[in-house]
Amino acid sequence: MHNPDIAELFSRYAVLLEVKGANPFRVRAYRNAARTIENLPRDINEMLGGGADLTELPGIGEDLAHKIADIVTTGRFTPLEEISRRLPGHLAELAEVPGLGPKRIKLLFHRLKVGSMADLAAAARAGRLRKMKGFGPKIEANILKEIERRAATTTRLRLSVAEQIGGPLLAWLRDTEGVEEAVIAGSFRRRRETVGDIDVLVTCRKGSSVIERFVLYPEVADVLAKGSTRATVRLKSGLQVDLRVVPARSYGAALVYFTGSKAHNIALRAMAMKRGLKFNEYGVFKGARWLAGRTEAEVYAKAGLAYIEPELRENSGELEAARDGRLPDLVSLSDIKGDLHAHTRASDGQDSLKEMAEAARKLGYSYLAITDHTAHVGIVHGLDRRRLRQQMAAIDRLNAKFRDFRLLKSAEVDILPDGRLAIDPGVAKELDLVVAAIHTKFGNDARTQTDRLLRAMDDPCVNIIAHPTGRLLGEREPYELDMQRLMEGARERNCLLEINAQPSRLDLNGAHCRLAKQIGVRLVISTDAHTAETLGYMRFGVDQARRGWLEATNIANTRNLATLLAQLKR
DNA sequence: GCCGTTTTCGGCCCGACTGTTTTCAGTCG
């Protein structure tokens, strides 16, 4: 039982409780706990093993702490088993269908014996749903449509893909008469690594004109809802887009509201309530009197808080930090002085040394590390000792032409199954830095994998561990790893860990970044670019660092070349 | 079931839209 499993148990239990008609706040408590557990940087098994007190986690009290401990020791969650005797466990999956909430699910189960997605599909196809009280032909049709859509699959999109879809849509809306502001809020603005939908916020002198134009956007496949202040569509790509229109004086309040996260909003409103204020998407109110709402900063100020950057809005301590003046001064893209992980066509990249260097200079960098793969079974076109030395000579020739910029000699070295490095130790010493990474044996258990990485870091030539979890978003799970032990080991050895800015990787994630800051291990943000153009992915890595509360001082490549090289020394 | 800058008990966010209704419940974000 790992964190995602426990979170899933609580989520399922919450749905069943809801169907049973339990206290809604108790239901919410399970949902909150599931969310907390899902976002933990450490495995709960390890935390409990280390004697951690789970009640210190937000949303987890005495009761849930005991239940979690039970789940971890017995592998079972008895309350769910008990409730499953009366309600089928698969009932919970029905809640994923839009339009189905606890009341309708309850009705479906009691009247039609619908207990799973398959039952639902059968009942809908037989036309049995429309006869139910509170149902009708439209709801039945929507459910059928959703069942078909799910069969065709759509999952969360990578942030970079969402940007490609959202950009042109935003341009279309901005091109509408009367539109003043048009921005994407939601998890997109919080810079989550993947987004499930796009929330667009618009201020417009004539509300209805922008809604009318929105549904005419050529990429729209389906209009799911359409009113005077909001509309929801599904694009041909499958992505759902919500549009909200608010008056200009409500722009800040609405931006807070629609940026979320939901948990952040609920906590923020609770804080406002204690001050006798009401927050909604139109502003801050005392009774019926409007007090503020034009900017986000004035909304937060009314709650007695400093402005909170969107990346922090997850209700994971940012509200308390804003109240107490403890918010971090987040690292930004302009702080980045260079990139420490990039490939050329010498290995699996596409561009030349010179093209990579020119692109890095154009970004205003003062250094770029060339980290082509070293030769090793399974690594295509890896550089052997001879080719690596040739590349070093080529770098020397190029560097002779640069002022205020330097290519760093480096290599991405594979960490072998036993923790040794796939590079000739003699050549390694000639490099400015070595980036090491795992590319094989992803299936090791946590102890073996952690030992393997620590052994690699024992070699003093290793400076940076690249993409430390090996995950590929939507494709490959991270390998098992004791992140706490890895980070403590890295700190002891003065080895750095990488935030990989590839939109498909983005590991370390936000929670890991926070853990790194707490442990005091230094990080780098690198693009792992395989083309000159994708050196521009740096911003995604910076987003991830910001979500992890990191400041420029936590990131080695915000330093100038001399300081960086000093920090790399082991 | 959680939580404490009014509370260790009594609170717990709130408005818009849909589809079903004849005035609103249910769902969503």
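Order of the sequence lines fixes the chain letters, A, B, ..., with proteins taken first and strands second; residue numbering starts at 1 for each chain. For the numbers below, each heavy atom of this structure counts, side chains included, while hydrogens, waters and symmetry mates do not.
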### A/Val195: which of A/Leu159, A/Ile184, A/Ile165 passes side-chain contact (heavy atoms from CB on, under 4.5 Å)
A/Leu159

### Task
Searching all strands shown, indicate the nucleotide that pairs with B/dT8 (Watson-Crick or G-U wobble; both distances under 3.5 Å).
none

### Query
NA contact type, A/Lys262, heavy-atom cut-off 4.0 Å: base, sugar-phosphate, or nothing?
base

### Side-chain donor-acceptor pair present, A/Arg471, A/Ser504, cut-off under 3.5 Å
no

### Message
Of all nucleotides in DNA chain B that come within under 4.0 Å of a heavy atom of chain A, which is furthest toward the 5' end and which toward the 3' end?
### Response
B/dG1 to B/dG29

### Query
Taking the nucleotide of DNA chain B with the closest heavy atom to each, which residue, A/Val97 or A/Asp324, is nearer the 5' end?
A/Asp324

### Query
How far, in whole Å, is B/dT22 from B/dC28 if one measures between their P atoms?
22 Å

#### Entry: Within 6.0 angstrom of A/Lys236 NZ, more than 12 heavy atoms from elsewhere
yes

### Query
Closer to the 5' end of DNA chain B via nearest nucleotide, is it A/Lys67 or A/Asp242?
A/Lys67

### Task
Please measure how far the P atom in B/dT21 lies from the corresponding atom in B/dT27, and state the result in whole Å.
14 Å

### Query
So which of residues 18-37 of chain A are in contact with DNA chain B, with a heavy-atom cut-off of under 4.0 Å?
A/Asn23, A/Phe25, A/Arg26, A/Arg28, A/Ala29, A/Tyr30

### Task
For B/dT6 and B/dG11, measure between their P atoms and round to the nearest Å.
16 Å

### Task
Could you tell me which non-hydrogen atom of A/Ala303 sits nearest to which non-hydrogen atom of A/Leu268, and how far apart they are?
CB-CD1, 4.0 Å

### Task
Classify the nucleic acid contact of A/Gln240 as base, sugar-phosphate or nothing, counting any heavy atom under 4.0 Å across all strands shown.
sugar-phosphate

### Task
Among A/Glu311, A/Glu309, A/Glu314, find the one that has a side-chain hydrogen bond (donor to acceptor under 3.5 Å, both in side chains) with A/Arg190.
A/Glu314

#### Entry: P atoms of B/dC2 and B/dC13, separation to the nearest Å
16 Å

### Query
Which whole number of Å gives the distance between the P atom of B/dT5 and that of B/dG1?
23 Å

### Query
With rounding to whole Å, what would you report as the distance between B/dT20 and B/dG26 at their C1' atoms?
10 Å

### Query
Got a sec: does the CD of A/Glu96 have more than 12 other heavy atoms crowding it under 6.0 Å?
yes

### Task
May I ask you to say what A/Leu268 touches in the nucleic acid, namely base, sugar-phosphate or nothing, with a heavy-atom cut-off under 4.0 Å?
nothing

### Query
Which of parallel (below 30°), tilted (30 to 60°) and perpendicular (above 60°) describes A/Tyr30 and A/Phe77?
tilted

### Message
Does A/Lys226 reach a base, just sugar-phosphate, or nothing at all? Heavy atoms under 4.0 Å.
### Response
sugar-phosphate

### Query
More than 12 non-hydrogen atoms from neighbouring residues, nucleotides or ligands closer than 6.0 Å to CZ on A/Arg476, yes or no?
yes

### Pairwise C1' distance for B/dT8 and B/dC3, with rounding to whole Å
9 Å

### Query
Just checking, A/Lys113 and A/Phe109: is the charged tip under 6.0 Å from the six-membered ring centre and within 45° of the axis?
yes

